[in-house]
There are 2 protein chains.
Amino acid sequence: MPPSRQPSQARPLRADARRNREALLTAAREAFLAGDTDAHVEEIARRAGVAVGTLYRHFDTREALVAEVYRQEVADLCAAPARLLAEHGPDEALRRFLLLLVEHAAVGRGMGEALESIMATDSPVFDDARSDMAHALDTLLTAGTAAGLVRPGVDGRLLLRALGGICGMRAHGWQQDAIRITELVHDGLRHTASRT
Amino acid sequence: MPPSRQPSQARPLRADARRNREALLTAAREAFLAGDTDAHVEEIARRAGVAVGTLYRHFDTREALVAEVYRQEVADLCAAPARLLAEHGPDEALRRFLLLLVEHAAVGRGMGEALESIMATDSPVFDDARSDMAHALDTLLTAGTAAGLVRPGVDGRLLLRALGGICGMRAHGWQQDAIRITELVHDGLRHTASRT
DNA sequence: ACATAAAATGAACCGGCCTCACCTTAGGAG
DNA sequence: CTCCTAAGGTGAGGCCGGTTCATTTTATGT
């Protein structure tokens, strides 16, 4: 069995290996940000200055590489809620985070498709990203609920799904729409519905 | 140039051609509903009892076939608003339509992916489907706004995008979530926000 | 029945992702 | 410093799916 790709702190990678792995991630990220959403593996390898085989030594599959790039993006994003809650009230923090989400999805407008292709799989690698994100949203929602500003019964997981659609958007003017949709959802959250 | 695939009432298709075209659409629909979302062209052709070449005589590409199947589904759905408005008040009609949308997306839970793969392209074939759908939603929104139940400034196109995400859902328990999300959006629509 | 254009066929092609038998090299031991 | 060896790298080729097109079959008007 080839050693699990999760660098489960088994053995510290050899120097050149670590360098190449990083180069591949960078090359992929750059390609995506540049809009070349479905860059071929050959192309990514070439950009990183390695052969395809090397790509496959580090990532089980093309998808896995894409997933890793996205996982890192998500990690960045997950740091935001704590900061926002420190600087703003719960409601405003939530609003700003939602908008940040849109902005993030916008990066080069290539990440959107990548994200979508990832959402389509249910690899465990990905569950982590999702649950991290859901947890980040939970932080905001809990604060909001405690302050009586957000209806109870909505958790991060649900909200994440509600917003999932905006990331796949590609059509002209999508960003404008995405912002208005988050406003819509945000208002929905605050509305103390009388529905059973 | 091979004659445009839009049967622009130029010449009525030969009898066997019409039969095969129909068989292909049926085969594709069945495959999707059965959950075999990415059925190979060979498989679809086989189910329809024709060769691949025939598939390509009728549809420019695999995508085009998928698009046509979906277009027909949408047409069905677009008939609903008029009926619902006749039977219920504007607000209730809107709510029911949103739920119907979810139910429809549920059909065999294969249509979701197909839809997603279609949303990803911006072929004109598809603009029609989208604008028909948006128009159907407009009917409901206009009625709601007139009755003072829905905030102004939201049109069908925007709402359609807001809901786009639910169709891609595949994870366990998605349908439950989808219903709650439509409730969320529905409440958001009714909330008369004070935002500028 | 015949002519002919429309339609059907399916083997071959092409462009992606991925594999694997072989070569190269980092980096520790002596 | 040199040698050894396991980790790492290589890239031609396999595979698989969508698409093409020269050839064959067939519906339909005369």
Side-chain angles (χ1 to χ4, degrees), chain A residues 1-25 27-28 31-32 36-69 113-114 117-118 120-121 123, chain B residues 1-25 27-28 31-32 36-69 113-114 117-118 120-121 123:
Chain A
M1 157 179 86
S4 162
R5 261 56 178 239
Q6 262 46 267
S8 51
Q9 67 258 64
R11 242 139 261 245
L13 285 174
R14 224 168 71 176
D16 56 344
R18 186 187 297 280
R19 222 180 315 119
N20 283 338
R21 184 175 213 278
E22 221 52 45
L24 282 164
L25 285 169
F32 297 157
D36 187 3
T37 315
D38 34 37
H40 308 320
V41 287
E42 313 272 0
E43 171 68 8
I44 294 174
R46 202 186 54 71
R47 278 192 194 229
V50 301
V52 271
T54 301
L55 189 156
Y56 284 97
R57 171 169 294 273
H58 291 289
F59 305 96
D60 285 329
T61 184
R62 186 183 178 283
E63 279 287 299
L65 169 57
V66 174
E68 178 59 18
V69 171
E113 265 184 41
S117 101
I118 282 165
T121 80
S123 79
Chain B
M1 162 180 80
S4 164
R5 260 57 179 237
Q6 264 44 270
S8 51
Q9 70 260 63
R11 243 142 260 245
L13 286 173
R14 223 169 69 178
D16 56 344
R18 183 188 299 279
R19 222 180 314 121
N20 284 338
R21 184 173 212 279
E22 222 52 45
L24 282 164
L25 285 168
F32 297 157
D36 188 3
T37 315
D38 35 36
H40 308 321
V41 287
E42 313 271 1
E43 171 68 10
I44 295 174
R46 202 186 53 72
R47 279 191 193 228
V50 302
V52 271
T54 301
L55 190 156
Y56 283 97
R57 167 168 296 272
H58 291 289
F59 304 96
D60 285 331
T61 183
R62 185 185 180 285
E63 278 290 297
L65 169 58
V66 174
E68 178 59 17
V69 169
E113 263 185 40
S117 101
I118 281 165
T121 79
S123 78

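Basis for what follows: all heavy atoms, side chains included, without hydrogens, waters or symmetry-related copies. Residue numbering restarts at 1 for every chain, and letters A, B, ... go by the order of the sequence lines.
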- Query: Stepwise, does the side-chain contact (heavy atoms from CB on, under 4.5 Å) test hold for V50(B) with R19(B)?
  - Reply: CA-CA 11 Å; V50(B) 302; R19(B) 222 180 314 121; over 6 Å; no
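Ion pair R47(B)/E43(B) flagged as a salt bridge, since at least one NZ, NE, NH1 or NH2 atom sits closer than 4.0 Å to an Asp/Glu carboxylate oxygen.
Checking the phosphate oxygens (OP1, OP2) of dG8(D), no side-chain nitrogen or oxygen of H58(A) falls inside 4.0 Å. Considering only side-chain N and O atoms, T54(B) lies nowhere under 4.0 angstrom from the phosphate OP1 or OP2 of dA7(C).
Computed from coordinates, the R46(A) CZ to dG11(D) P distance equals 14 Å when rounded to whole Å. The distance from atom CG of N20(B) to atom C1' of dA6(C) is 12 Å, rounded to the nearest whole Å. At whole-Å resolution of the value, CG in D36(B) and P in dG17(D) are 11 Å apart. For the pair R57(B) CZ and dA6(C) P, the computed distance is 9 Å after rounding to whole Å. Atom P of nucleotide dG8(D) and atom CG of L24(A) are separated by 14 Å, given to the nearest angstrom. When rounded to the nearest whole Å, the span between CZ of F59(B) and P of dG18(D) equals 15 Å.
When every heavy atom of Y56(B) is checked against every heavy atom of T61(B), the shortest pair comes out as CE2-CA, 4.0 Å.
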- For every nucleotide of nucleotides 13-19 of chain C, 5' to 3': is a protein heavy atom under 4.0 Å from its base (B), only from its sugar-phosphate (S), or from neither (-)? ---SSBB
- Query: Base, backbone or nothing for each nucleotide of nucleotides 22-30 of chain D, written B, S, -, heavy atoms under 4.0 angstrom, 5' to 3'?
  - Reply: ----BSS--
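In this structure a side-chain-to-backbone donor-acceptor pair under 3.5 Å is missing from R62(A) to H40(A).
To the nearest 0.5 Å, the span separating CZ on R46(A) from CG on L55(A) amounts to 13.5 Å. In this structure, E68(B) CD and L24(B) CG are separated by 11.5 Å, a value rounded to the nearest 0.5 Å. Taking NE2 from H58(B) and CD from E22(B), the interatomic distance works out to 10.0 Å, rounded to the nearest 0.5 Å.
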